[in-house]
Visitor: 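I'd like to ask some things about the structure below.
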Amino acid sequence: MILGSANDMADDTQAQAPAADDEVLEAPVRGSADELLDAGAQAPIDAMRHSTAHVMAEAVLALFPDARLGIGPAVENGFYYDFDLPRPLTPDDLAAIEARMAESVRADHPFVRREVGFDAGRATEAEAGQAFKVEILDDLARKAADTGEPMPPVTFYEHGPFRDLCKGPHVASTGKIGPFRLLSVAGAYWRGDEKRPMLQRIYGTVWETQEQLDQYLWRREEAKKRDHRRLGRELDLFSFHDVSPGSAFWHPKGQRLWRTLETAIREVQDRREYTEVSTPMVVSQRLWEASGHWALYKENMFLIESEGQTFSLKPMNCPESTIIYKTHLRSYRDLPLRLSEFGRLHRNERSGTLSGLTRVRQFIQDDGHIYVRPDQLADEIAALLGEVDEVYGWFGLRPELKFGTKPDKALGDPALWDRAEALIREALDRAGLPWTLKPKDGAFYAPKIDIHIEDALGRSWQTATIQVDLTMLPERFDLTYIDEAGQAVRPMAIHRAIYGSLERFIGILVEHFGGAFPLWLAPVQAVVIPIADRHAPAARELAAELRAAGVRFVEVDDSDSRMQNKIRLAQGQKVPYMLILGDREVEARSAAVRKRGAGKNDPQEVLPWSELAWRLGEEIREKRLG
RNA sequence: GCCGACAUAGCUCAGCGGUAGAGCAGCUGUUUCGUAAACAGCAGGUCCUCGGUUCAAAUCCGAGUGUCGGCUCCA
């Protein structure tokens, strides 16, 4: 069971995971009034971004005098401000707000800081009908009362007609605000609490120079072009349909990606002495009661009634792994016992959270459960980090490790936690890979290492996980092995996934490569292009020779299109190699090799078939990135 | 789940009360061609679904479904 794997793993990164259009907009830090007041304005650019939020609030208030203000911090690439408004905003409204903002910038109002006594500050907001601001102040007051500290003074920032409760800092005047653009409107719960009112959040971006703004908008457009949902359609990899929301239909070419990845990780797992298992997808409620899922995860499970019994589609593999463990009495000599499983999982995610391949209801996980003696744990973790390093190297992805330690709510003996954390730390250091600490971010039953990767656009995604389970599987399922002294002893369990969810991983790879997969991974590795019909038989011969050499996915374009059109099509499908055959090549049993992305003036090789087959075969075997 | 937007041919989109359109893709024919689009013809639609308003609905209104942007959730 990979708790927190695949979807869950992903879930942890939702805040960082960008929207499809590459928007990286972070939610405000949730919690205390202090944090709500912190505008996120640390760097100078942030001060300008936060100042732009003030100017936007001024514009909104001018258009909607009854608007109530939430908060408006700077975020990565821009800012937002939350408003309670009498009606939903339209794109026209955004244009009107932008126009108002431009006026305020032109007027060059100075930002003026005012400090007033708490009561006066509260009265000011109360008179203005700004209930959310009053709430923030009341929270501050309550906190001061609780800690016995004196009531803090309240600061306002004013510019022109606008005044806002704010810690600052700000730029000197509105004229210092650079080129900006309002981007979108979204719903956002007040203080991030779904029980509180939903406000309208306007996102915007602002930069020092027009060039920077243009560059940013260009990057958003580029990101859209490599959106895996778009490329999935254009490259005919997969599709989604309303008959099964949140579950991909894998087309032949997408399935080839899946197969290639599966074959590759199996090779690693065989080498590392995993044994592969497969467990049922439909599982009785009784098992989930034993594992604790019924109490804590039932909402996310698809249930099936049959003959008076309740079953569920498995959302995780872990409990069933223990059933296989328990089919034998295990000896200390059997450990580590590495059980791998390509489990097909179903999780009934809330409808609004689904998104392409990155947040789905059905996915396949390259799951693994490793049962170890305590003395084997450190070595095993080190080996798993080695797996991650090797596998991510195939794609040119640099794994970023995050070490999550004991959370406040945790099961098991604290001494065991300390020990497990020390072992993880040791293993991380031994691996020599950079890692960061995320205190209290462990699972409730175990500390963990989550693996994040950055795609080509620098966006961070969580994919893999390594979790050290001292309690849950071993205790709940009463796992034991017989030690040297003949005593029954508890093993430790490691939950791990390297790709995580294949769906998500493929989605990330599509975006990472922009659809231009390296040869070893490409669903169409080469297209043989006969110039005229008379070259088609030779083209088919070449294709067969390539397949025999391990280039599995070769196509022959023997349509009656002209060569130019065939090249254009193959280029659009991002096929790594176009092999062109005319009279000269057929005569010499060679092919003109046009590589993906080659321009008019790039030199082009003409290679004999045998050499071509050998070269491409080598490129595949070495998983060369090209 | 919540807020908002969107849903027209396989794809990208136009049409926004008065007989459903384009480009690309597809099919057929002609063409056999040297590095990113040969030419011509044909075919292709419950305008997401259900209900309502209207003489008349792709178009206006309501509900549902799905998708998108966010928020929330996320063992």
Side-chain angles (χ1 to χ4, degrees), chain A residues 1-15 18-21 23 25 27-28 30 80 82 85 87-91 183-203 227 229-230 233-234 236 239-246 291-293 295-300 315-316 318 347-356 359 411 442-446 448 465 467 469 472 495 529-536 560-572 578 580-585 592-594 597-602 604:
Chain A
M1 139 167 90
I2 300 287
L3 303 168
S5 112
N7 273 21
D8 320 276
M9 286 184 234
D11 303 342
D12 293 348
T13 54
Q14 280 312 97
D21 66 358
E23 199 50 348
L25 296 169
R30 288 160 53 207
Y80 67 79
D82 289 343
L85 296 171
R87 65 167 174 84
L89 291 168
T90 66
L183 297 172
S184 61
V185 186
Y189 297 111
W190 169 235
R191 301 186 82 163
D193 183 346
E194 66 179 321
K195 293 182 188 68
R196 306 297 306 271
M198 180 156 278
L199 309 180
Q200 295 189 67
R201 172 172 299 177
I202 305 175
Y203 281 106
D227 186 319
R229 293 167 296 192
R230 171 174 173 162
R233 191 186 321 112
E234 290 175 357
D236 197 16
S239 54
F240 285 90
H241 302 275
D242 60 7
V243 291
S244 186
S291 69
H293 287 75
L296 293 156
Y297 202 71
K298 188 179 166 193
E299 295 305 305
N300 284 294
M316 298 177 194
C318 34
R347 298 183 185 174
N348 197 358
E349 305 288 351
R350 287 158 77 162
S351 57
T353 64
L354 301 176
S355 179
R359 185 74 182 260
L411 293 179
F444 69 84
Y445 56 89
K448 63 176 182 175
T465 195
Q467 305 174 349
D469 179 2
M472 190 165 180
H495 311 243
I529 298 178
I531 289 177
D533 285 350
R534 64 179 176 280
H535 308 124
D560 68 351
S561 301
R562 298 174 64 200
M563 175 196 64
Q564 282 85 339
N565 194 38
K566 294 176 183 179
I567 289 172
R568 179 169 173 273
L569 277 175
Q571 197 70 249
M578 284 155 263
I580 295 159
L581 261 53
D583 289 335
R584 295 196 296 270
E585 288 79 11
V593 181
R594 183 186 168 116
K600 272 201 180 73
N601 301 319
D602 290 320
Q604 196 171 43

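Computed from a predicted structure; not experimentally measured. Labels below follow one simple rule: chain letters A, B, ... track the order of the sequence lines, proteins then strands, and each chain is numbered from 1.
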Visitor: Tell me the interatomic distance from A:Arg584, atom CZ, to B:G34, atom P, rounded to whole angstroms.
Guide: 10 Å

Visitor: Mark yes or no for a side-chain to base donor-acceptor pair under 3.5 Å between A:Gln604 and B:G34, with no hydrogen or angle criteria applied.
Guide: no

Visitor: Using whole Å, report how far CG of A:Asp583 lies from P of B:G34.
Guide: 10 Å

Visitor: Tell me if the side-chain of A:Arg562 makes a donor-acceptor pair with the base of B:A38, cut-off 3.5 Å, by modelled atom types.
Guide: no

Visitor: What integer number of Å spans the P atoms of B:G17 and B:A7?
Guide: 15 Å

Visitor: Atom CZ of A:Arg233 to atom P of B:G66: distance rounded to whole Å?
Guide: 19 Å

Visitor: Taking atom P in both B:A38 and B:U19, what distance in whole Å separates the two?
Guide: 38 Å

Visitor: What is the distance, rounded to the nearest whole Å, between atom CG of A:Asn300 and atom P of B:C73?
Guide: 13 Å

Visitor: Under 4.0 angstrom, heavy atoms only, what part of the nucleic acid is A:Ala188 near: base, sugar-phosphate, or nothing?
Guide: sugar-phosphate

Visitor: Between A:Glu194 (CD) and B:C3 (C1'), how many Å, whole number?
Guide: 13 Å

Visitor: Judged by atom type as modelled, is there a donor-acceptor pair below 3.5 Å linking the side chain of A:Gln200 to the main-chain atoms of A:Asp82?
Guide: no

Visitor: Just the rounded figure in Å: distance from P of B:U65 to CG of A:Leu354.
Guide: 13 Å

Visitor: State plainly whether the residues A:Asp583 and A:Arg534 are in salt-bridge range, i.e. N to O under 4.0 Å.
Guide: yes

Visitor: Taking only side-chain N and O atoms of A:Tyr203, does any of them lie within less than 4.0 angstrom of OP1 or OP2 on B:G4?
Guide: no

Visitor: Give one of base, sugar-phosphate or nothing for A:Ala592, where a contact means two heavy atoms less than 4.0 Å apart.
Guide: base

Visitor: For nucleotides B:C11 and B:C47, find the distance between their P atoms and express it as a whole number of Å.
Guide: 16 Å

Visitor: Once you apply a heavy-atom cut-off of 4.0 Å, does A:Asp533 come out as touching a base, just sugar-phosphate, or nothing?
Guide: base

Visitor: Look at all strands and tell whether A:Gly597 reaches a base, only sugar-phosphate, or nothing, counting heavy atoms closer than 4.0 Å.
Guide: nothing

Visitor: Between B:A40 and B:U31, how far apart are the C1' atoms? Round to whole Å, please.
Guide: 11 Å

Visitor: Which nucleotide, if any, forms a Watson-Crick or G-U wobble pair with B:C48, using both distances under 3.5 Å?
Guide: B:G64

Visitor: Measure CZ/A:Phe240 against P/B:C48 and give the value in whole Å, please.
Guide: 22 Å

Visitor: Does B:A36 have OP1 or OP2 sitting under 4.0 Å from an N or O in the side chain of A:Arg594?
Guide: yes

Visitor: At what distance, to the nearest 0.5 angstrom, does CZ of A:Arg584 lie from CD1 of A:Ile531?
Guide: 7.5 Å

Visitor: Reckon A:Arg191 has a side-chain N or O less than 4.0 Å from the OP1 or OP2 of B:C71?
Guide: no

Visitor: Do the side chain of A:Lys566 and the main chain of A:Pro530 share a donor and acceptor less than 3.5 angstrom apart?
Guide: yes

Visitor: Assign A:Gly292 to base, sugar-phosphate, or nothing according to its heavy-atom contacts below 4.0 angstrom with the strands shown.
Guide: base

Visitor: Pick base, sugar-phosphate or nothing for A:Gln571, based on heavy-atom distances below 4.0 Å to the nucleic acid.
Guide: base

Visitor: Out of curiosity, A:Thr353 OG1 to A:Arg359 CZ, how far, rounded to the nearest 0.5 Å?
Guide: 4.0 Å

Visitor: Measure the distance from NZ on A:Lys566 to P on B:A37 and round it to the nearest whole Å.
Guide: 14 Å

Visitor: Scan A:Asp560 against the nucleic acid and name what it touches under 4.0 Å (heavy atoms): base, sugar-phosphate only, or nothing.
Guide: base

